[in-house]
Amino acid sequence: MAINPATGSGTGQLKWIDLRSSSLAKDGTESAKPEVRGTSSSEFSALLQELALHNASGDSGSALASLDSSSLSGLLWKQLGGTGEAYDAISGEITDTAPTDYEELIQRASAKYGVPVDLIKAVIDTESSFNPNVVSSAGAKGLMQLMDGTANGLGVSDPFDPAQSIDGGVRYLSYQLKRYNGQENMALAAYNAGPGRVNKLGVSNDQELMANLSQLPEETQAYIGKIERARAKYAV
């Protein structure tokens, strides 16, 4: 199983490329043609349960028999992109967990730029599902989906580097929060659609923004709601 560093909508909705089928011939060789498709968490769970069974049965003929529980868990973590879920290879269930891989970077950026930790996590979750290699159809890259021009302006030389992406993305989000006097929905709309589109609405606070939300692109309309739902997962 391999993953394409990911094409997505720019709002964290990824399309994974499954380069190998989970079906194996009895001699352990792959028997199916590569295919491109969207893959859900439940499908990954079923696949990894199958792998765990191969491993537990000691099927030395299987190319998957050398995978242990920890590596299976890590594999699904990568497939899910660290979206607050992890695979328990013993129970075969998807369980909630915090995106600890980037916790220190997020905490550091929060303290540096004064942006709440739960908001940062919600933006990363929505933008990239905590996958540092995501590239959107519009060309936005990395954990916080920075466009090349924005990344350059923020001094981000490698948008796929988690440390640079988080620092640059949180810095940019802090600019929008300051621009709109702490009005978070206005800042998020500007982060997604650009401040120019938000300014054209002639609104001055979140309440006015929401009353005129239909004038923004549909992606931005949905984006604010996605951030709100994602943030609820990370609220302390």
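Along the sequence shown, residues are numbered consecutively beginning with 1. All figures in this text were calculated on a predicted structure; none of them were measured in a lab.
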Honestly curious: do Tyr113 and Leu188 fall in one hydrophobic cluster under the side-chain, below-4.5 Å linking rule?
-> yes
Check: Leu209 and Gln183 side chains under 4.5 Å, non-hydrogen atoms = no
Starting at CG of Asn192, measure out to CD of Gln145 and round the result to the nearest 0.5 Å.
-> 10.5 Å
What are the two closest non-hydrogen atoms of Ala190 and Gln176, and how far apart are they?
-> CB-OE1, 3.5 Å
Identify whether Leu177 and Leu146 are in the same connected component of the hydrophobic contact network (ILVMFWY, side-chain heavy atoms under 4.5 Å).
-> yes
Compare every heavy atom of Met147 with every heavy atom of Ala138, then report the nearest pair and how far apart it is.
-> O-CE, 3.2 Å
Hey, are Glu103 and Lys121 close enough for a salt bridge, meaning a charged N less than 4.0 Å from a carboxylate O?
-> yes
Would you kindly confirm whether Tyr223 and Leu201 end up in one hydrophobic cluster when ILVMFWY residues are joined by side chain heavy atoms under 4.5 Å apart?
-> no
Can you hop from Tyr234 to Ile224 via hydrophobic side chains spaced under 4.5 Å?
-> no
side-chain hydrogen bond (donor to acceptor under 3.5 Å, both in side chains) evaluation trace for Arg171 with Tyr175 = CA-CA 6 Å; Arg171 181 182 176 190; Tyr175 287 165; 2.6 Å; yes
pair Phe130-Asp101: side-chain heavy atoms closer than 4.5 Å = no
Side-chain donor/acceptor of Thr126 to backbone N/O of Ala122, under 3.5 Å | yes
Give the minimum heavy-atom separation between Asp125 and Lys233, together with the two atoms involved.
-> OD2-NZ, 2.8 Å
Minimum heavy-atom separation for Ser157 to Gln164, with atom names?
-> N-OE1, 2.8 Å
From the list Asp148, Asn133, Asp158, side-chain contact (heavy atoms from CB on, under 4.5 Å) partner of Lys141 resolves to Asp148
Are any of the side-chain heavy atoms of Leu213 and Asn185 separated by less than 4.5 Å?
-> no
For the pair Gln221 (side chain) and Leu216 (backbone), establish whether a donor and an acceptor sit closer than 3.5 Å, ignoring hydrogens and angles.
-> yes
Among Asp118, Ile124, Val123, find the one that has a side-chain contact (heavy atoms from CB on, under 4.5 Å) with Ile120.
-> Ile124
Just by distance, do the side chain of Thr220 and the backbone of Ala189 share a donor-acceptor pair under 3.5 Å?
-> no
Given side chains that start at C-beta, do those of Ile227 and Tyr191 come closer than 4.5 Å, heavy atoms only?
-> no
Are Leu154 and Leu143 connected, step by step, through hydrophobic side chains (Ile, Leu, Val, Met, Phe, Trp, Tyr) whose heavy atoms are closer than 4.5 Å?
-> yes
Check whether any side-chain heavy atom of Tyr180 sits under 4.5 Å from a side-chain heavy atom of Pro195, and report yes or no.
-> yes
Identify the heavy atoms of Ala109 and Ile166 that sit nearest to each other, and give their distance.
-> CB-CG2, 4.0 Å
Is any side-chain heavy atom of Asp167 closer than 4.5 Å to a side-chain heavy atom of Leu105?
-> no
Taking every non-hydrogen atom, the tightest pair across Pro162 and Tyr102 = CB-CE2, 3.6 Å
